[in-house]
A.B. asks: 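Quick one: the structure is below, questions incoming.
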Number of protein chains: 2
Amino acid sequence: METGTADQKTPVEDADSGATRLSRADEAYQVLKRRILDNDLPAGAQLLEQELAESLNMSRTPVREAMVQLERDGLVEIRPRHGMRVLPISADDMREIYDILTALESTAAGLAAERGLSEDEIATLDVCVAEMDAALAANDLRRWARADEEFHARLTELSGNARLTALVEGYVERTHRVRMVTLTMRPKPTRSNQDHRKVVDAIRQRDPDRARRTHRRHRQRASALLTDLLRAREGGP
Amino acid sequence: METGTADQKTPVEDADSGATRLSRADEAYQVLKRRILDNDLPAGAQLLEQELAESLNMSRTPVREAMVQLERDGLVEIRPRHGMRVLPISADDMREIYDILTALESTAAGLAAERGLSEDEIATLDVCVAEMDAALAANDLRRWARADEEFHARLTELSGNARLTALVEGYVERTHRVRMVTLTMRPKPTRSNQDHRKVVDAIRQRDPDRARRTHRRHRQRASALLTDLLRAREGGP
DNA sequence: GGATGCGGTAGTGTATGCATTAGAGGATGC
DNA sequence: GCATCCTCTAATGCATACACTACCGCATCC
């Protein structure tokens with residue numbers, strides 16, 4: 001590799017925001033994941049270890065480590081002589097993932113209701129709901145999507161189950177690409193906002209069963225909507 | 001490394017059962033995971049890359065890859081200068097994991113009921129239940145535990161959701177060690193067998209809601225039981 | 001013309017080498 | 001006696017070297 005490029009010797013002279021010092025492998029993982037989630041590396045893209053190593057300015061070793069993790073995330077597939085391939089998401093995949101999300105998130109809602117949240121904690125959810133309403137009123141779909149993700153993330157957090165939170169985050173990430181693409185294809189998500197309000201209400205009233213059921217129905221509707229859109233797209237163009 | 005030991009040169013002359021040829025990294029992953037799950041490497045054990053590499057007769061590179069995966073599985077923790085440490089499972093961990101399992105499995109039961117299984121498919125569940133009854137009658141707890149795991153695995157499979165199945169399998173593996181340890185400490189699992197029968201019944205009648213609720217309650221009871229045992233053990237000896 | 005065999009090559013999997021560094025333990029100062 | 005600093009070692013993270021092999025293309029043969 002070109003010995004001319006200087007900045008690759010010391011692993012931690014990055015001098016970026018002084019945040020947690022990343023190992024090369026972690027850096028590779030994060031950068032690649034970001035590129036994939038942002039559709040910068042579109043589904044179907046094929047990339048060899050060597051190319052990636054060069055583009056990330058490191059050797060193949062940490063890149064490999066990152067690739068293995070991305071494969072575990074279900075974002076890419078490693079095909080021995082063809083590098084890694086960014087996986088597309090089919091309607092069936094989406095249904096599977098949404099079933100998992102439905103299971104996990106509705107349980108999270110139930111747990112939150114069981115625990116009995118403080119009014120402050122519930123307020124964080126209210127804020128998200130309000131933001132979603134505002135975004136919808138302003139017809140700003142991206143803003144709505146951000147608030148929606150925020151709501152779901154907060155809700156899951158409030159379950160008090162760190163593993164569950166992390167797990168859900170991973171699956172949400174996987175759906176991110178698709179949700180962004182279908183954002184403009186779906187009807188205005190007014191119903192969604194109503195659903196959220198009902199879930200918050202059930203949590204506030206400490207009714208786990210209702211929280212679970214309500215959230216489950218909410219996610220099932222979202223799932224049906226998205227998979228239908230995807231299926232249409234698969235059949236169509 | 002000792003050049004004397006011959007059999008480490010070619011990666012695939014293993015000539016074992018002729019099954020899928022494993023890469024060294026995969027081999028390391030599987031062997032280590034097995035050792036951990038069998039409590040061969042007990043919780044708290046610390047192992048350096050070098051030691052592992054020697055014990056597995058390979059270099060550090062594939063071992064590292066395996067370690068990263070095991071860390072992702074939540075089985076070990078990698079501490080930069082101290083190798084990897086096999087993680088213990090606290091009562092709190094167990095509760096978190098069981099909440100996740102409850103969410104996923106009860107959804108799986110619901111999905112199975114929704115799909116409408118053939119009588120053959122349902123029969124596989126019946127077989128497991130019968131085996132559990134037999135094991136219980138024979139007072140063979142290990143056999144019962146095996147049948148129990150089998151039942152849950154089959155049930156999850158019958159959801160038709162491959163991702164969900166794989167996910168559940170991972171979490172079940174994590175609880176395996178603890179379940180084996182607590183097996184003799186818990187009361188005879190007669191109730192458990194009743195629960196299973198009810199779940200199968202709900203699936204047979206294609207009642208997703210009842211399948212979900214029944215299985216959820218079943219898992220919640222199991223969770224309470226196990227975490228209590230663990231907590232007692234944590235406080236006690 | 002199509003099937004078959006056969007180098008050649010590119011890409012990978014693994015081993016090894018090397019610089020860095022965290023941390024243990026001793027020495028020193030108070 | 002205790003804390004602090006320093007040194008030295010051992011483990012790591014990464015780069016590189018190397019052997020193996022699947023695949024591509026061409027040539028040959030039927």
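Note on naming: letters A, B, ... go to the chains in the order of the sequence lines (proteins, then strands), and numbering restarts at 1 for each one.
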A.B. asks: Quick one: are B:Leu75 and B:Leu37 in side-chain contact, heavy atoms under 4.5 Å?
C.D. replies: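 Yes. Closest side-chain heavy atoms under 4.5 Å.
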A.B. asks: Do A:Met84 and A:Glu71 come within less than 4.5 Å of each other through their side chains, counting heavy atoms only?
C.D. replies: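 A:Met84 vs A:Glu71: side chains apart.
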A.B. asks: If you look at every strand shown and take non-hydrogen atoms under 4.0 Å, does A:Thr61 touch a base, only sugar-phosphate, or nothing?
C.D. replies: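 Base, at least one base heavy atom under 4.0 Å.
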A.B. asks: Between the base of C:dG11 and the side chain of A:Arg60, is one N or O donor paired with an acceptor at under 3.5 angstrom?
C.D. replies: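 Answer is no: no donor-acceptor pair is held.
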A.B. asks: Going by atom types only, do A:Gln46 and A:His82 share a side-chain donor-acceptor pair under 3.5 Å?
C.D. replies: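 Absent: no donor and acceptor within the cut-off.
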A.B. asks: Side chains of A:Tyr171 and A:Asp73: is there a donor and an acceptor less than 3.5 Å apart?
C.D. replies: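 Note: A:Tyr171 and A:Asp73 side chains miss the donor-acceptor criterion.
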A.B. asks: Would you jot down, in residue-number order, the residues of residues 75-83 of chain B having a non-hydrogen atom under 4.0 Å from DNA chain D?
C.D. replies: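 Within this stretch, B:Pro80, B:Arg81, B:Gly83 sit under 4.0 Å of the strand.
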A.B. asks: From CZ of B:Arg85 over to C1' of D:dA11, roughly how many Å is that when rounded to an integer?
C.D. replies: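 About 18 Å, once rounded to whole Å.
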A.B. asks: For the residue pair A:His196 and A:Phe151, does the interplanar ring angle fall in the parallel (under 30°), tilted (30 to 60°) or perpendicular (over 60°) class?
C.D. replies: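 Tilted.
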A.B. asks: Check the distance between C:dT14's C1' and A:Met67's CE and give it to me in whole angstrom.
C.D. replies: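 Distance check: A:Met67 CE to C:dT14 C1' gives 15 Å.
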A.B. asks: Return yes when atom CZ of B:Arg34 has more than 12 non-hydrogen atoms of other residues, nucleotides or ligands closer than 6.0 Å, and no otherwise.
C.D. replies: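 At most 12 heavy atoms, drawn from other residues, nucleotides or ligands, come within 6.0 Å of this atom.
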A.B. asks: Please tell me if B:Arg64 has a side-chain N or O lying less than 4.0 Å from either OP1 or OP2 of D:dG13.
C.D. replies: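 True: B:Arg64 side-chain N/O within range (under 4.0 Å) of D:dG13 OP1/OP2.
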A.B. asks: Nearest-Å distance, CG (A:Leu22) to P (D:dT12)?
C.D. replies: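 So the two atoms are 20 Å apart, to the nearest Å.
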